[in-house]
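Shown next, in C-alpha coordinates, is the structure this report addresses.
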Amino acid sequence: MNIEDLGETQMTCEMCESQAIRFVHYMENDRYNGPLACGAVCAGHMESDLARAEARDKKMRSSSSRRRRFPNRAGWKINAKGNHVLRANGYRITVFRKRIFWGAVVSRPPVDTPYFTREKFSTVEAAKMAAFDTMSFMEEHVPKLNPFRSLIQPF
(Lines give C-alpha, C1' and ligand atoms only; values in the text may rest on other atoms or scores of the structure.)
Protein backbone atom coordinates (compact mmCIF):
# COMPACT_ATOMS: atom_id res chain seq x y z
CA MET A 1 0.00 0.00 0.00
CA ASN A 2 2.78 2.43 0.92
CA ILE A 3 6.33 2.64 2.24
CA GLU A 4 7.64 5.04 4.86
CA ASP A 5 11.02 5.99 6.31
CA LEU A 6 10.75 6.49 10.07
CA GLY A 7 14.13 8.24 10.13
CA GLU A 8 15.59 5.69 12.53
CA THR A 9 14.95 2.11 13.58
CA GLN A 10 12.05 2.54 15.96
CA MET A 11 9.47 -0.19 15.46
CA THR A 12 9.17 -3.95 15.11
CA CYS A 13 7.83 -5.69 12.01
CA GLU A 14 4.20 -6.65 12.62
CA MET A 15 4.52 -9.76 10.45
CA CYS A 16 7.45 -11.59 12.07
CA GLU A 17 7.29 -9.60 15.32
CA SER A 18 11.08 -9.81 15.70
CA GLN A 19 12.85 -7.59 13.14
CA ALA A 20 13.50 -3.96 14.12
CA ILE A 21 12.69 -1.76 11.13
CA ARG A 22 13.21 1.79 9.93
CA PHE A 23 11.70 1.49 6.43
CA VAL A 24 8.09 0.38 6.86
CA HIS A 25 6.22 -1.38 4.04
CA TYR A 26 2.47 -1.11 4.67
CA MET A 27 0.89 -4.30 3.34
CA GLU A 28 -2.65 -5.68 3.08
CA ASN A 29 -3.52 -9.35 3.27
CA ASP A 30 -6.87 -11.15 3.31
CA ARG A 31 -5.84 -13.04 6.45
CA TYR A 32 -5.40 -9.85 8.49
CA ASN A 33 -7.78 -7.08 9.40
CA GLY A 34 -6.22 -3.77 8.33
CA PRO A 35 -2.72 -2.96 7.11
CA LEU A 36 0.44 -4.55 8.49
CA ALA A 37 3.64 -2.54 9.00
CA CYS A 38 6.41 -4.83 7.77
CA GLY A 39 10.11 -4.87 6.99
CA ALA A 40 11.36 -5.53 3.46
CA VAL A 41 11.85 -9.29 3.87
CA CYS A 42 8.38 -9.92 5.31
CA ALA A 43 6.82 -7.61 2.70
CA GLY A 44 8.59 -9.62 0.00
CA HIS A 45 7.23 -12.88 1.42
CA MET A 46 3.71 -11.43 1.63
CA GLU A 47 3.72 -10.38 -2.03
CA SER A 48 5.74 -13.44 -3.15
CA ASP A 49 8.35 -11.15 -4.70
CA LEU A 50 11.31 -10.56 -2.42
CA ALA A 51 13.30 -8.78 -5.15
CA ARG A 52 10.53 -6.22 -5.65
CA ALA A 53 10.27 -5.48 -1.92
CA GLU A 54 14.05 -5.15 -1.63
CA ALA A 55 14.09 -2.81 -4.64
CA ARG A 56 11.49 -0.59 -2.92
CA ASP A 57 13.57 -0.63 0.24
CA LYS A 58 16.77 0.23 -1.68
CA LYS A 59 15.05 3.11 -3.48
CA MET A 60 13.80 4.47 -0.15
CA ARG A 61 17.29 4.27 1.34
CA SER A 62 18.83 6.10 -1.63
CA SER A 63 16.32 8.93 -1.42
CA SER A 64 16.81 9.46 2.33
CA SER A 65 19.02 12.58 1.91
CA ARG A 66 16.47 14.22 -0.41
CA ARG A 67 13.83 13.26 2.12
CA ARG A 68 15.81 14.78 4.99
CA ARG A 69 16.00 18.14 3.14
CA PHE A 70 12.35 18.06 1.99
CA PRO A 71 10.72 19.82 5.01
CA ASN A 72 12.94 22.88 4.52
CA ARG A 73 12.98 23.08 0.72
CA ALA A 74 11.98 26.29 -1.03
CA GLY A 75 8.36 26.66 -2.08
CA TRP A 76 6.45 25.77 1.08
CA LYS A 77 3.63 28.26 1.68
CA ILE A 78 1.11 28.61 4.49
CA ASN A 79 -2.46 28.97 3.24
CA ALA A 80 -5.38 30.83 4.85
CA LYS A 81 -6.29 27.74 6.92
CA GLY A 82 -2.78 27.52 8.36
CA ASN A 83 -1.87 24.45 6.31
CA HIS A 84 1.59 24.05 4.81
CA VAL A 85 1.25 23.66 1.03
CA LEU A 86 3.80 22.80 -1.64
CA ARG A 87 3.47 22.26 -5.38
CA ALA A 88 6.40 20.21 -6.65
CA ASN A 89 7.04 17.77 -9.50
CA GLY A 90 3.36 17.87 -10.52
CA TYR A 91 2.14 17.08 -6.98
CA ARG A 92 0.15 19.13 -4.52
CA ILE A 93 1.18 18.41 -0.94
CA THR A 94 -0.80 19.70 2.02
CA VAL A 95 0.34 19.24 5.61
CA PHE A 96 -2.45 19.96 8.07
CA ARG A 97 -2.98 20.07 11.80
CA LYS A 98 -5.64 17.85 13.33
CA ARG A 99 -6.03 18.66 17.01
CA ILE A 100 -2.57 18.17 18.53
CA PHE A 101 -1.17 16.05 15.67
CA TRP A 102 -0.10 16.64 12.07
CA GLY A 103 -1.03 14.71 8.93
CA ALA A 104 -0.54 15.14 5.20
CA VAL A 105 -2.26 14.51 1.90
CA VAL A 106 -0.61 14.23 -1.52
CA SER A 107 -2.42 14.51 -4.84
CA ARG A 108 -1.48 14.90 -8.46
CA PRO A 109 -3.96 17.09 -10.33
CA PRO A 110 -5.99 16.29 -12.37
CA VAL A 111 -6.06 12.84 -10.73
CA ASP A 112 -8.69 13.14 -8.00
CA THR A 113 -7.45 10.35 -5.73
CA PRO A 114 -5.65 11.90 -2.75
CA TYR A 115 -3.24 9.78 -0.72
CA PHE A 116 -3.20 10.52 3.01
CA THR A 117 -0.34 9.63 5.33
CA ARG A 118 -1.37 6.77 7.59
CA GLU A 119 0.10 7.96 10.87
CA LYS A 120 -0.33 11.00 13.12
CA PHE A 121 2.80 13.06 13.68
CA SER A 122 3.83 15.25 16.59
CA THR A 123 5.70 17.75 14.38
CA VAL A 124 5.08 19.42 11.05
CA GLU A 125 8.54 18.28 9.88
CA ALA A 126 7.70 14.61 10.50
CA ALA A 127 4.43 15.01 8.56
CA LYS A 128 6.33 16.63 5.66
CA MET A 129 8.75 13.68 5.59
CA ALA A 130 5.82 11.26 5.49
CA ALA A 131 4.34 13.32 2.64
CA PHE A 132 7.65 12.91 0.78
CA ASP A 133 7.38 9.13 1.26
CA THR A 134 3.81 9.16 -0.05
CA MET A 135 4.84 11.23 -3.08
CA SER A 136 7.67 8.75 -3.78
CA PHE A 137 5.20 5.87 -3.53
CA MET A 138 2.81 7.60 -5.95
CA GLU A 139 5.62 8.22 -8.46
CA GLU A 140 6.21 4.50 -8.64
CA HIS A 141 2.69 3.06 -8.30
CA VAL A 142 0.07 5.55 -9.50
CA PRO A 143 -0.18 5.87 -13.29
CA LYS A 144 0.13 9.36 -14.73
CA LEU A 145 -2.52 10.70 -17.06
CA ASN A 146 -1.36 11.72 -20.51
CA PRO A 147 -2.43 15.38 -20.80
CA PHE A 148 -2.57 15.09 -24.61
CA ARG A 149 -4.96 12.11 -24.56
CA SER A 150 -8.63 12.95 -24.70
CA LEU A 151 -10.66 11.97 -21.65
CA ILE A 152 -13.48 11.00 -24.05
CA GLN A 153 -12.90 7.54 -25.44
CA PRO A 154 -13.70 6.93 -29.14
CA PHE A 155 -16.41 4.44 -30.08
I'd like to check [X] versus [Y] (side-chain heavy atoms, cut-off strictly below 4.5 Å). Are they in contact?
X	Y	answer
His25	Pro35	no
Ile93	Phe70	yes
Val106	Met138	yes
Phe137	Tyr115	yes
Thr134	Phe116	no
Glu119	Tyr26	yes
Tyr32	Met15	yes
Ser64	Asp5	yes

Notebook entry, point to check: Around Arg87, counting heavy atoms of other residues, nucleotides and ligands shown, do more than 12 lie under 6.0 Å from its CZ?
Noted result: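 Counting other residues, nucleotides and ligands, CZ of Arg87 stays at 12 neighbours or fewer.
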Next item on the list: Determine whether more than 12 heavy atoms belonging to other residues, nucleotides or ligands lie under 6.0 Å from atom CG of Asn79.
Entry: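 Atom CG in Asn79 is packed in, count exceeds 12.
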Next item on the list: Take Val24 and Leu6 through the side-chain contact (heavy atoms from CB on, under 4.5 Å) test and state the conclusion after the steps.
Entry: CA-CA 7 Å; Val24 183; Leu6 300 177; 3.5 Å; yes
Check: Where do Gln19 and Thr12 land on the side-chain contact (heavy atoms from CB on, under 4.5 Å) test, with the steps shown first?
Finding: CA-CA 6 Å; Gln19 182 65 41; Thr12 303; 5.9 Å; no
Check: What about Met60 and Phe121, same hydrophobic cluster or not, with Ile/Leu/Val/Met/Phe/Trp/Tyr joined at side-chain heavy-atom distances under 4.5 Å?
Finding: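 No; Phe121 is not reachable from Met60 via cluster members.
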Notebook entry, point to check: Same cluster for Val124 and Leu86 if Ile/Leu/Val/Met/Phe/Trp/Tyr side chains link at under 4.5 Å?
Noted result: yes
Minimum heavy-atom distance [X]-[Y], with the two atoms named:
X	Y	answer
Ile21	Gly39	CG2-CA, 3.5 Å
Trp102	Thr123	CD1-C, 3.5 Å
Thr94	Asn83	CG2-CB, 3.8 Å
Ala127	Ala104	O-CB, 3.8 Å
Asn89	Met135	ND2-CE, 4.4 Å
Phe96	Val105	CE2-N, 3.9 Å

Could you check whether any side-chain N or O of [X] sits under 3.5 Å from a backbone N or O of [Y], counting only pairs where one atom can act as donor and the other as acceptor?
X	Y	value
Arg97	Arg99	yes
Glu14	Cys38	no
Ser63	Arg66	no

Check: Do Glu47 and Arg56 sit within salt-bridge range, that is, some charged N less than 4.0 Å from a carboxylate O?
Finding: yes
Return the [atom1] to [atom2] distance between [X] and [Y], rounded to the nearest 0.5 Å.
X	Y	atom1	atom2	value
Phe23	Thr9	CZ	OG1	8.0 Å
Thr117	Glu4	OG1	CD	7.5 Å
Asn2	Glu28	CG	CD	11.0 Å

Check: Among Arg68, Arg22, Arg67, which residue meets the salt bridge (Lys or Arg N to Asp or Glu O under 4.0 Å) test with Asp133?
Finding: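 Going through the options one by one, the only one that passes is Arg67.
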Check: Quick one: is the NZ or CZ of Lys128 closer than 6.0 Å to the six-membered ring centre of Trp76, and within 45° of its axis?
Finding: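 Cation-pi check for Lys128 and Trp76: passes.
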